[in-house]
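In what follows, chains carry the letters A, B, and so on, assigned in the order in which the sequence lines appear, proteins first and then strands, with residues in each chain numbered from 1. Given the structure is predicted, the values throughout are model-derived calculations rather than measurements.
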Number of protein chains: 2
Amino acid sequence: MKLQLQIKMNEGLFLRNPENTELGRNIIKHSIQLIAQYGFEEFTFKKLADDIGTTESGIYRYFENKHLLLIYIIAWYWCWLEYQIIFQTNNIIDPVVKLKKVINLLATTVEDDESTSYVNESLLHQIIISEGSKAYLTKQVAEDNKHQFFKPYKELCAVLGNIILECSPKYKYPRSLATTVIEMAHFQNFFMNNLPSLTDFGHNKNESNIVLFLNDLVFSTIKNA
Amino acid sequence: MKLQLQIKMNEGLFLRNPENTELGRNIIKHSIQLIAQYGFEEFTFKKLADDIGTTESGIYRYFENKHLLLIYIIAWYWCWLEYQIIFQTNNIIDPVVKLKKVINLLATTVEDDESTSYVNESLLHQIIISEGSKAYLTKQVAEDNKHQFFKPYKELCAVLGNIILECSPKYKYPRSLATTVIEMAHFQNFFMNNLPSLTDFGHNKNESNIVLFLNDLVFSTIKNA
DNA sequence: TTATTTATGATAGCGTTACTATCTTTTTAT
DNA sequence: ATAAAAAGATAGTAACGCTATCATAAATAA
């Protein structure tokens with residue numbers, strides 16, 4: 001008997017819950033594969049339908065458009081990651097150790113989680129790096145925000161911000177530092193692999209360097225508060 | 001007699017140099033207005049052509065596609081900003097003062113520069129904030145990078161990285177800190193205005209807070225090296 | 001000045017994308 | 001066994017991304 005991890009998603013993101021049917025789960029699974037393969041701009045519902053072996057209309061019964069599908073899988077990732085963080089930092093008393101653990105989880109390639117059968121977290125992590133910010137860098141951001149589509153991301157930032165405050169109660173910018181760490185965990189990774197001269201890790205493309213950079217950044221900053 | 005600022009752009013970005021003709025300059029001017037208005041996804045060459053009072057084919061004679069046009073105006077901005085930075089930090093000896101000046105320039109709304117007649121820098125700054133990262137967050141990033149389309153951005157990062165090193169010669173991550181400052185100058189601005197709970201400036205949406213945050217971040221970090 | 005590039009305008013067309021609609025068949029629940 | 005729900009099949013439409021062609025106007029060279 002294996003535990004299955006179920007994540008309750010915002011109902012406004014879909015027309016029909018993809019977790020409940022074979023086709024729905026296939027949509028999630030294959031869209032993660034195809035977005036990772038083609039990038040979001042070149043990804044279409046037609047390609048997705050062909051890949052699954054269904055038709056476009058089948059996809060549209062689950063998701064209104066590809067933007068909402070992107071937000072869905074990204075929100076799913078943030079939910080899953082928050083769970084990982086809560087789980088893996090549970091019972092750690094020292095907030096500094098906790099914070100280091102979180103930075104590690106954010107900046108290190110995730111392995112596929114067996115308890116989520118149709119989601120490949122490793123591919124999803126790649127999508128977060130390359131496409132993550134496209135979820136909110138749009139003209140509909142206010143609208144999407146009203147529907148609470150970014151709640152999982154905000155919650156994760158809040159969790160991280162609180163750990164920062166635990167480490168350094170007087171630090172004045174815990175939320176902004178949290179978003180900085182989260183975004184930079186991904187941007188430095190993207191730069192390292194694609195525009196290496198923008199980083200200090202180009203010669204030795206190793207994620208552990210990003211962790212070192214972020215640790216130095218965060219702990220120097222909050223120590224100074 | 002007024003000085004006109006001319007920026008020499010990478011020739012691979014366009015089919016015909018937009019700076020040389022009335023139509024070309026109109027393409028730049030109106031595309032800045034329309035991208036700021038619609039956002040990049042909803043921006044099309046058809047809308048641009050209608051706005052100018054020309055036809056799609058007219059646009060295509062200058063730019064292969066809207067992605068290259070976006071890269072063009074973004075690269076233009078980085079060139080212009082680097083010039084501003086070089087100019088405004090010239091003769092400043094103290095690297096700490098210099099660095100503060102640069103952070104200010106990065107994180108503060110720019111006013112329209114009179115010496116560039118057909119470019120509205122203020123609108124362009126808004127585009128950088130919302131669309132800037134879409135220039136490189138694509139599957140063609142390697143290809144585009146080979147053509148040196150990101151050279152202006154890289155140069156700016158190098159300039160900033162060198163000032164950081166001047167302040168703190170032993171600091172180990174000058175480039176990554178430079179990209180962090182540049183990206184966060186924009187992301188914190190976007191968050192402050194659109195997803196305020198992700199920042200510590202939601203109640204008082206003032207850019208000067210972002211400057212304070214970035215100053216604290218940078219100087220704490222490099223002091224610690 | 002005429003001849004000739006060069007830039008622009010006008011129109012057409014083609015394949016794809018994003019999306020809606022309808023109708024049939026299959027699966028599932030009662 | 002029957003009703004309801006989900007999926008498959010097919011069609012269609014407006015917009016988008018892009019190419020091609022031909023005519024005309026403006027700039028420039030002979």
Side-chain angles (χ1 to χ4, degrees), chain A residues 9 11-31 34-35 37-73 118 131 134-135 138-140 143-144, chain B residues 9 11-31 34-35 37-73 118 131 134-135 138-140 143-144:
Chain A
M9 299 293 294
E11 307 230 330
L13 284 169
F14 50 77
L15 300 168
R16 180 173 301 171
N17 194 331
E19 297 192 339
N20 292 343
T21 64
E22 187 68 22
L23 178 58
R25 288 183 293 266
N26 265 322
I27 289 173
I28 303 307
K29 182 180 173 182
H30 287 78
S31 64
L34 291 186
I35 292 173
Q37 180 185 339
Y38 289 108
F40 184 64
E41 286 75 23
E42 307 299 315
F43 166 80
T44 68
F45 275 7
K46 183 68 174 45
K47 282 174 185 161
L48 177 57
D50 289 349
D51 203 53
I52 296 173
T54 181
T55 54
E56 272 183 278
S57 55
I59 316 288
Y60 279 106
R61 287 197 184 99
Y62 285 82
F63 290 97
E64 242 178 284
N65 53 56
K66 71 172 183 170
H67 178 239
L68 286 173
L69 173 52
L70 180 72
I71 293 186
Y72 179 96
I73 65 170
Y118 56 95
E131 324 289 346
K134 295 173 192 169
T138 70
K139 283 283 166 188
Q140 319 110 273
E143 186 83 358
D144 291 345
Chain B
M9 298 293 294
E11 307 229 329
L13 283 170
F14 49 77
L15 300 168
R16 181 175 299 172
N17 194 331
E19 298 192 337
N20 292 344
T21 64
E22 187 66 22
L23 177 58
R25 288 183 292 267
N26 265 322
I27 290 172
I28 304 306
K29 182 180 173 182
H30 287 77
S31 65
L34 291 186
I35 292 172
Q37 181 185 339
Y38 291 108
F40 184 64
E41 286 76 23
E42 307 299 315
F43 166 79
T44 70
F45 275 6
K46 183 66 174 44
K47 282 174 185 161
L48 177 57
D50 289 348
D51 203 52
I52 296 172
T54 181
T55 54
E56 271 183 280
S57 55
I59 316 288
Y60 278 107
R61 287 195 184 100
Y62 285 83
F63 289 97
E64 243 178 282
N65 53 56
K66 71 173 184 169
H67 178 238
L68 286 172
L69 173 54
L70 180 71
I71 293 186
Y72 179 95
I73 65 169
Y118 56 95
E131 324 288 346
K134 294 173 192 170
T138 71
K139 282 285 166 186
Q140 319 109 272
E143 185 82 359
D144 291 345

Sugar-phosphate only, base, or nothing, as touched by B:K66 at under 4.0 Å among non-hydrogen atoms: sugar-phosphate

To the nearest Å, how far apart are [X] [atom1] and [N] [atom2]?
X     : N      : atom1 : atom2 : answer
B:I59 : D:dA20 : CD1   : C1'   : 17 Å
B:F45 : D:dT19 : CZ    : C1'   : 14 Å
B:I52 : C:dA7  : CD1   : P     : 17 Å
B:E19 : C:dA7  : CD    : C1'   : 18 Å
B:E41 : C:dT17 : CD    : P     : 17 Å
B:K46 : C:dA18 : NZ    : P     : 19 Å
B:F63 : D:dT19 : CZ    : P     : 15 Å
A:L48 : C:dC19 : CG    : C1'   : 15 Å

Output all residues satisfying ring-ring contact (aromatic ring centres under 6.0 Å, His included) with [X], sequence neighbours left out; order by chain, then residue number.
X     : result
B:F43 : none
B:Y38 : none
A:F14 : none

Heavy atoms from other residues, nucleotides or ligands near CD of A:Q37 exceed 12 (cutoff 6.0 Å):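 Counting neighbours around CD of A:Q37, more than 12 heavy atoms of other residues, nucleotides or ligands fall under 6.0 Å, so yes.
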
If the condition is side chain to side chain contact (heavy atoms under 4.5 Å, CB included), which residues does [X] pass it with, not counting sequence neighbours?
X      : result
A:Y118 : A:E19, A:R25, A:I28, A:K29
A:E64  : A:L15, A:L68
A:K46  : A:T44, A:D50, A:E56
B:T54  : B:L23, B:A49, B:I52, B:I59

Any residue meeting side-chain hydrogen bond (donor to acceptor under 3.5 Å, both in side chains) with B:Y62, in chain and number order, not counting sequence neighbours: B:T21

Results of side-chain hydrogen bond (donor to acceptor under 3.5 Å, both in side chains) for B:K134 - residues two or more places apart only: B:E41, B:E131

Base versus backbone protein contacts along nucleotides 24-30 of chain C [heavy-atom cut-off under 4.0 Å; B, S, -]: -------

Any A:S31 side-chain heavy atom under 4.5 Å of A:F63 side chain: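 Answer no - side chains too far apart.
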
Do any N or O atoms of the protein come closer than 3.5 Å to N or O atoms of nucleotides 5-15 of chain D, and which pairs are they?
unit_1	atom_1	unit_2	atom_2	d
D:dA7	OP1	A:T21	OG1	3.4
D:dA7	OP1	A:Y62	OH	3.1
D:dA7	OP2	A:R16	NH1	3.2
D:dA7	OP2	A:Y62	OH	2.4
D:dA7	N7	A:R61	NH1	3.4
D:dG8	OP2	A:T54	OG1	2.7
D:dG8	N7	A:R61	NH1	3.4
D:dG8	O6	A:R61	NH2	2.7

Degree of bending, the helix from C:dT1-D:dA30 to C:dT30-D:dA1 (end axes from five pairs; round to 10°):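 End axes: 20° apart.
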
